[in-house]
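Notes to accompany the following structure.
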2 protein chains.
Amino acid sequence: MPGYAPSEAARRSGFSLDTLRYYEKIGLLNEVGRSSSGRRVFTDDDLEWLVLFRCLRDTGMPIAEMCRYAELARAGEHTVGERQALLAQHAGRVEERMRLLQRQYDHLQAKIRFYDQHVRPR
Amino acid sequence: MPGYAPSEAARRSGFSLDTLRYYEKIGLLNEVGRSSSGRRVFTDDDLEWLVLFRCLRDTGMPIAEMCRYAELARAGEHTVGERQALLAQHAGRVEERMRLLQRQYDHLQAKIRFYDQHVRPR
DNA sequence: TTGCAACCTGGAGTGCACTCCAGTTCAAGT
DNA sequence: ACTTGAACTGGAGTGCACTCCAGGTTGCAA
């Protein structure tokens, strides 16, 4: 059980120090342990949570929903079904977003190719 | 040349009336024509611009960059190269985002499948 | 022992992209 | 003539997710 300094946790998770403190303050991240002098010491478990938050954030989940998920997890094992449902619903929305993104990307490419006719005519 | 009422333009573009006015106010959308009584009348050309803005917005382009593109277009034909380059650069960033999104989506699916072991054990 | 970087806190500030509001005007239907 | 609803303006307000700040510890290296 090593335990990571804030800067190390930031480096590993890709979140800024301020964001880590913010996530803890709003109760997204569980209270992080402290050293004798009051400095945060992140555990591997904390880091795993951060990896999940990064996944959820990158896929566009709002923070309020991440909080909901974290609360369910803290509530105990009997919430696994609800937690899974939450993730599954989110995954569905992500699929939709991916389809839209692909569609608009195709439009964009068409537009770029269209320019080819004018930038280098014929 | 029909010309569309604001509500019709909103319906066709998927932007709200407020957003249409906002886009015009900040100079993203060119000054829209007016009826004798001062009401906006959107042309097909306006609508085409809105379709493009929707594409760019859905793919995550910041408004400032869309403004830049619109300015280039207003500046004349000699900017086609720069315009194309701007779109191409954006497309590159979109590809990157799509890859990240796919990667994180896969993580998410793995997490959901992992729950299966616990929700319906063995 | 002194310097300095990393860390702490509470709270204020930022940037983005809208969204809402109050008060007014206008066009068209009954 | 009157009502209704869509549109107009300038400007204020909102929601989200951070990000920054001031002022104060603390741990460690030289």
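Below, chain A is the first sequence line, B the second, and so on; all start at residue 1.
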- Tell me: CG of A:Leu29 to C1' of D:dA17, nearest whole Å? 16 Å
- Message: Just the rounded figure in Å: distance from C1' of C:dC8 to CD of A:Glu31.
- Response: 14 Å
- Query: A:Arg54 side chain to A:Ser13 main-chain N or O, any donor-acceptor pair under 3.5 Å?
  - Reply: yes
- Look at the side chain of A:Arg40 against the base of C:dC8 and say whether a donor-acceptor pair falls under 3.5 Å; ignore hydrogens and angles. no
- Taking the side chain of B:Thr19 as its heavy atoms from C-beta onward, which of D:dT26, C:dC18, C:dA27 lies nearest to it? C:dC18
- Query: Looking at C:dT9, does its base get a donor-acceptor pair with the side chain of A:Arg21 below 3.5 Å?
  - Reply: no
- Query: Do the side chain of B:Arg57 and the base of C:dA17 come within less than 3.5 angstrom through a donor-acceptor pair of N or O atoms?
  - Reply: no
- Message: In whole Å, I'd like the distance from the CZ atom of A:Phe42 to the P atom of C:dC8.
- Response: 7 Å
- For B:Ser37 and for B:Tyr22, locate the closest nucleotide of DNA chain C by heavy-atom distance; then report the residue assigned to the nucleotide nearer the 5' terminus. B:Tyr22
- Rounded off to whole Å, could you give me the CD1-to-P distance for the B:Ile26 and D:dG10 pair? 15 Å
- Gap between atoms CG and C1', on A:Leu17 and C:dC8 respectively (whole Å): 11 Å
- Between B:Arg83 and B:Thr79, a side-chain donor and acceptor under 3.5 Å: yes
- Query: Under 4.5 Å between any side-chain heavy atoms of B:Tyr69 and B:His90, yes or no?
  - Reply: no
- Quick one: which of C:dT9, C:dC7, C:dC26 gets closest to the side chain of A:Arg34? C:dT9
- Message: As a test of reading the structure: which of C:dA6, C:dC26, D:dC18 is closest to the side chain of A:Tyr23, going by heavy atoms?
- Response: D:dC18
- Query: When the distance from CG of A:Leu20 to C1' of C:dC7 is rounded to whole Å, what number comes out?
  - Reply: 13 Å
- Note on the structure: Quick note, A:Pro62 side chain, CB onward, closest among D:dA17, D:dA6, C:dC7 is D:dA17
- Message: With a 4.5 Å cut-off on side-chain heavy atoms, are B:Arg57 and A:Gln104 touching?
- Response: no
- Integer-rounded Å distance: D:dT19 P and A:Asp18 CG: 8 Å
- Task: Rounded off to whole Å, could you give me the NZ-to-P distance for the A:Lys25 and D:dC20 pair?
- Result: 14 Å
- Query: Quick one: are A:Leu101 and B:Arg97 in side-chain contact, heavy atoms under 4.5 Å?
  - Reply: yes
- Message: If you compare every side-chain N and O of B:Ser16 against the phosphate oxygens of C:dC18 (OP1, OP2), does one of them come in below 4.0 Å?
- Response: no
